[in-house]
Asks: 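Please see the structure below; I have some questions.
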Amino acid sequence: MQDAVRSARAAGRPVRVHATGHASPTAAPMDGALLVRTRLGGGVEVNPAAGVARVPAGTRWREVVDAAAPHGLVAPHGSSGDVGVVGYLLRGGLSFFGREVGLAVTRVRAVELVTADGALRHADAAHDPELFWALRGGGGGLGIVTAVEVELFRAPAVTTGAAFWPARHAPALLRAWRRWAASAPRGATTSVQVMRLPDAPGVPPELSAGPVLGLDGAVHGPDEAAVADVVAGLLGPLRDLADPLLDTWAATSASAVLDAHVDPADPVPILGDHLLLRDPGDDGLDRLLDLVGEGSGSPLITASLRQLGGAYADPPATPGREPGALHRVDAAFAWSGAGVPGLSGPAAAIEERCARVRAALAPWDTGRTVPSFVENRHQPQGHLDAAAAARVAAVRARVDPGGVFAGDVQPVLADR
Ligand SMILES: Cc1cc2nc3c(=O)[nH]c(=O)nc-3n(C[C@H](O)[C@H](O)[C@H](O)COP(=O)(O)OP(=O)(O)OC[C@H]3O[C@@H](n4cnc5c(N)ncnc54)[C@H](O)[C@@H]3O)c2cc1C
């Protein structure tokens, strides 16, 4: 790895890095670049006493979950076990435990990386704290990460799953979900999505027969009774409104949260958009459903609101270390919508629908984004304020003065 970076730099070639390619739609073209695809050995090492895992680059979340589970520990993974740990973590990371534990990036304790000079560095609160600060949510372009240390946590009782209703019930269901979300306990993190699933292997026929509204996520807590109470408050009113087509919500182990969201395992060439929203109220939900609900003719395969608030909005308590460049999001919901050109509609129709949704939701747009949720490199991005963006740029100028990793930087419109 170090030799590869040194020789690319000597040849004047930019270096790009990815693990799974899941975020390729957000990547700038890499013509002429050396592409490093990380798949480092050594495996996930869990230190149960410290509650920390050391994860080599290239590892996917499922391996961390499997290594942590025997110790009763849980990782701040996202909705898919096939997403790469490094790309997700350092770009923010919205997990179904996030309203209790915050953005996943706040749980990074140390980062090992090869910088543009070919040096292998260790960055943490005591070693180059400024680089460590920039690595955590700064938008990349600082080097090739070779390993991360991430703090795990406990979730003794967990209920997770997904329920799906015909999309004609979406107006009533979304209103009820929004009312519940306004005062939901932190142990609950959910998402709703209007889905138009193709008739494909692995997709239950009742879900591909027409547009559906899905509700998935996780509720965790100290014991099963406490979790069951929260789940009853969430699902009871929705099940009363209409019978689900399919309902997999059940008390289970924390590892099952990986399978709740029905994500594709392999990278898909999606085209989409993302916003962080204030509470759009029932009016905003209606405007959204006009564009993505039943009868809208939407070409989006998924049109989703992820529940935020709780610890996502708090400055993290990280004794002994300064929080990173991105450490909280002050928003009620993360909007993301995406289609697959050629499968769910022509690219132009998907782009046009995303633009119309963006315009309809503009009154509630915070102007901020979470890098791991950005779906399209052309969309406006705003994960940092102007002061933080300038501070990250100064770190980049120090560790990569020649711009070897410049193509890996997630652009930020800091004045949004
Ligand atoms: C099915 C699916 C479900 C998802 N669910 C969630 C979710 O619940 N919450 C959430 O927040 N996000 C979610 N995401 C988004 C995901 O977190 C981002 O796409 C993330 O960037 C993917 O990381 P990757 O390493 O797998 O992708 P890649 O495309 O391989 O990498 C993405 C970028 O990460 C950086 N990177 C990766 N590895 C390294 C490294 N070793 N050194 C330096 N930089 C590196 C690079 O800039 C690279 O371009 C999901 C994505 C998919 C496809």
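Just so you know, ligand 1 is whichever comes first in the structure, and atom 1 is the first atom listed for that ligand.
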Asks: Taking the side chain as every heavy atom from C-beta outward, state whether Phe164 and Met195 have any pair of such atoms under 4.5 Å apart.
Replies: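 Yes. Closest side-chain heavy atoms under 4.5 Å.
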Asks: Taking the six-membered ring for Trp, are His77 and Phe96 closer than 6.0 Å centroid to centroid?
Replies: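 No, ring centres 6.0 Å or more apart.
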Asks: Measure the acute angle between the ring planes of Phe153 and His220, then classify it against the limits of 30° and 60° as parallel, tilted or perpendicular.
Replies: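 Phe153 vs His220 ring planes: tilted.
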Asks: Please determine whether the number of non-hydrogen atoms from other residues, nucleotides or ligands lying under 6.0 Å from atom CD of Glu206 exceeds 12.
Replies: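 It does: Glu206 CD has more than 12 such atoms within range.
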Asks: Anything under 30° is parallel, anything over 60° is perpendicular, the rest tilted; go ahead and classify Trp61 against Tyr88.
Replies: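 Judged by the thresholds at 30° and 60°, the geometry between Trp61 and Tyr88 is perpendicular.
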Asks: Does any pair with a residue in residues 98-112 pass side-chain hydrogen bond (donor to acceptor under 3.5 Å, both in side chains), and if so which ones, sequence neighbours excluded?
Replies: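 Pairs touching residues 98-112 that pass the test: Arg54-Glu112.
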Asks: Sort out the contact shell of ligand 1: every protein residue with a heavy-atom distance below 4.0 Å, listed by chain and number.
Replies: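 Lining ligand 1: Val17, His18, Ala19, Thr20, Gly21, His22, Ala23, Ser24, Thr38, Ala57, Gly78, Ser79, Ser80, Val83, Gly84, Val86, Gly87, Tyr88, Arg91, Gly93, Leu94, Gly143, Ile144, Val145, Asp263, Pro264, Arg306, Ser372, Phe373, Asp408.
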